[in-house]
Protein chains: 2
Amino acid sequence: MSVAIENFVKAIYKNNSNDVKNTKPGNIAKLLGISNAAATDMAKNLANKNLLNYEKYKALELTKAGEKLALNVIRKHRLWEAFLHKTFDMSLHEIHREAEFLEHETSNFLANKISTYLGNPKFDPHGDPIPNANGEITTIDTSISLSNTKEGKNYTISRLMSDDKEFFDFCGLNGLKYGNTVLVTKQFSKNKMTQISINNNTILLNEDFTNIIYVNEIK
Amino acid sequence: MSVAIENFVKAIYKNNSNDVKNTKPGNIAKLLGISNAAATDMAKNLANKNLLNYEKYKALELTKAGEKLALNVIRKHRLWEAFLHKTFDMSLHEIHREAEFLEHETSNFLANKISTYLGNPKFDPHGDPIPNANGEITTIDTSISLSNTKEGKNYTISRLMSDDKEFFDFCGLNGLKYGNTVLVTKQFSKNKMTQISINNNTILLNEDFTNIIYVNEIK
DNA sequence: AAAAATATTTAAGTAAGCTTAAAAAAATAT
DNA sequence: ATATTTTTTTAAGCTTACTTAAATATTTTT
């Protein structure tokens with residue numbers, strides 16, 4: 001399958017795991033930076049290839065085959081991220097940028113080699129789950145966003161849901177890393193801000209960031 | 001630059017390092033498995049982009065920019081080969097197949113990371129020289145093909161010039177590997193065959209193979 | 001429920017990278 | 001030196017993945 005097709009099914013799949021699902025062509029177009037017309041064209045094309053179900057004016061729905069393709073691309077993306085992070089000590093932003101291209105040009109054979117080499121990890125350095133070779137993925141996610149945490153409790157960081165360089169730079173500088181521990185010291189609910197303590201530093205985060213940082217309570 | 005363009009300049013560059021140089025569009029077309037017409041089209045296109053000089057019915061000549069692009073792609077290809085061979089213990093054929101795709105989707109940033117990680121090697125596992133980040137390549141090659149060796153002398157294998165799976169499988173089975181030592185026990189010049197001794201085994205090679213195995217005499 | 005705003009689809013067109021078939025030039029053989 | 005063969009180029013056409021503009025359907029607002 002072409003890069004365009006792989007990115008299209010990937011965008012639909014990822015959109016479906018968002019809170020606000022909108023898999024109509026226009027929204028996928030916005031995510032991919034192409035015109036609505038191009039997305040409609042592509043949707044018809046992929047329906048012909050049995051990768052999705054297309055009905056005029058309706059939301060796009062991946063078929064089993066379409067979902068499998070999307071998961072295979074996501075698997076390669078996240079394996080590359082884990083591998084590059086470990087091997088070359090590249091930042092969360094750098095590994096994402098590189099994996100965005102490598103994911104389309106990696107054989108299943110090599111993906112399996114990478115996975116074995118890493119000990120078949122279930123999560124990448126952002127905390128995102130890595131689908132296995134059969135397209136099975138860990139979807140049960142009991143973690144909550146930092147916005148919904150309680151004052152005085154300790155949490156471990158389980159997921160950094162972003163593609164943004166500035167966010168990752170900020171995280172890198174402040175020790176906000178997959179697996180690390182934070183203490184929520186104050187919730188400013190009116191101003192939608194959260195104060196946390198990490199590595200003996202106190203930092204104040206606004207909603208933009210607390211919404212995409214996921215954590216698990218330490219009991 | 002697109003994959004098609006990168007492969008085109010790479011094919012011209014590689015053809016120029018062959019014994020029999022023929023960089024007219026038809027020959028490049030044959031190497032790439034495309035039609036002559038497509039190669040002529042592409043040649044005009046690349047001339048517009050200042051990657052090569054094109055004159056009707058004449059051989060194609062890479063410009064400095066074209067050569068630099070070709071060397072950059074070859075650098076990435078050979079770095080990936082070296083890396084995959086070392087890290088995942090993949091065969092010479094497997095690394096070539098994988099690198100053929102990865103070479104086009106690797107940033108200079110990552111290529112440099114790989115190079116540093118490997119200790120900036122000058123040769124890949126086939127013995128082919130790896131261009132450095134400035135596009136400089138070791139071209140002085142004092143090695144000779146096994147066909148031109150002398151009976152009773154010892155040689156180290158310096159290069160396996162092929163893309164062929166069967167050849168690499170044969171090499172793998174018989175210890176014919178970059179850096180290994182062979183003793184030439186007999187040259188059957190009439191039948192164009194060479195008998196060698198390696199790892200206490202005696203094997204007889206025909207011209208097809210001895211022409212693409214390059215060695216250096218041990219004095 | 002109708003009007004206004006928004007989203008989707010259709011239509012027409014473009015560029016890249018190919019194809020085949022025919023025409024033209026160059027290389028080779030006699 | 002000419003005829004034959006081979007190679008290169010031109011011409012016309014195809015597919016993929018886009019674009020913009022216009023038409024049409026849906027959704028939201030009032």
Which label fits [X] and [Y]: parallel for a plane angle under 30°, tilted from 30 to 60°, or perpendicular past 60°?
| X | Y | result |
| --- | --- | --- |
| A:His96 | A:His126 | perpendicular |
| B:Phe168 | B:His93 | tilted |
| B:Phe209 | B:Phe167 | perpendicular |

Could you identify which residues of residues 44-53 of chain B place a heavy atom less than 4.0 Å from some atom of DNA chain D, listed by residue number, or say none?
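Result for residues 44-53 of chain B: B:Lys44, sorted by number.
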Range-with-range stems for DNA chain D, at least three Watson-Crick or G-U pairs under 3.5 Å:
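Stems for DNA chain D, defined as runs of 3 or more consecutive pairs: C:1-30 with D:1-30.
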Closest non-hydrogen atom pair, [X] against [Y]:
| X | Y | value |
| --- | --- | --- |
| B:Lys68 | B:Asn134 | CE-O, 4.3 Å |
| B:Arg75 | B:Ser115 | NH2-CB, 3.9 Å |
| B:Thr210 | B:Ser147 | OG1-OG, 2.9 Å |

What is the distance, to the nearest angstrom, from the [atom1] atom on [X] to the [atom2] atom on [N]?
| X | N | atom1 | atom2 | value |
| --- | --- | --- | --- | --- |
| B:Asn27 | D:dT8 | CG | P | 8 Å |
| A:Lys24 | D:dT26 | NZ | P | 9 Å |
| A:Ile28 | D:dA17 | CD1 | C1' | 17 Å |
| B:Asn22 | D:dT6 | CG | P | 16 Å |
| A:Ile5 | D:dT16 | CD1 | P | 8 Å |

Taking heavy atoms of chain A and a 4.0 Å limit, find me the 5'-most and 3'-most nucleotide of DNA chain C within that range.
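That gives a stretch of C:dT8 to C:dA11.
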Are B:Asn7 and B:His104 linked by a side-chain donor-acceptor pair shorter than 3.5 Å?
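Looking only at side-chain atoms, B:His104 and B:Asn7 do form a donor-acceptor pair, the distance falling under 3.5 Å.
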Within 6.0 Å of NZ in A:Lys14, more than 12 heavy atoms from elsewhere
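Check passes, neighbour count above 12.
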CG/B:Asn120: more than 12 non-hydrogen atoms of other groups inside 6.0 Å
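More than 12 heavy atoms, drawn from other residues, nucleotides or ligands, come within 6.0 Å of this atom.
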Does anything in residues 35-42 of chain A reach DNA chain C, meaning a heavy atom under 4.0 Å, and if so which residues?
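Here the set is A:Asn36, A:Ala37, A:Thr40.
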Holding to side chain to side chain donor-acceptor pair (under 3.5 Å), I want the full list of residues that pass it with A:Lys10, two or more places apart in sequence or in another chain.
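Listed in chain order: A:Glu100, A:Glu103.
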Salt bridge (charged side-chain N to carboxylate O under 4.0 Å, His left out) contacts touching residues 41-61 of chain A (sequence neighbours left out):
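Passing the test, one end in residues 41-61 of chain A: no pairs.
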Residue whose nearest DNA chain C nucleotide is more 5′ - A:Lys56 or A:Lys30:
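Looking at the nearest nucleotide for each, A:Lys30 comes out on the 5' side.
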Is the NZ or CZ atom of A:Lys186 both under 6.0 Å from the centre of the six-membered ring of A:Phe188 and within 45° of that ring's axis?
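Pair A:Lys186/A:Phe188 counts as cation-pi.
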Looking across every strand, which nucleic acid part, if any, lies under 4.0 Å from B:Phe8 by heavy atom: base, sugar-phosphate, or nothing?
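If one applies the 4.0 Å heavy-atom cut-off, B:Phe8 turns out to touch nothing in the nucleic acid.
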Are B:Phe88 and A:Phe83 close enough that their ring centers fall under 6.0 Å?
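Yes, ring centres under 6.0 Å apart.
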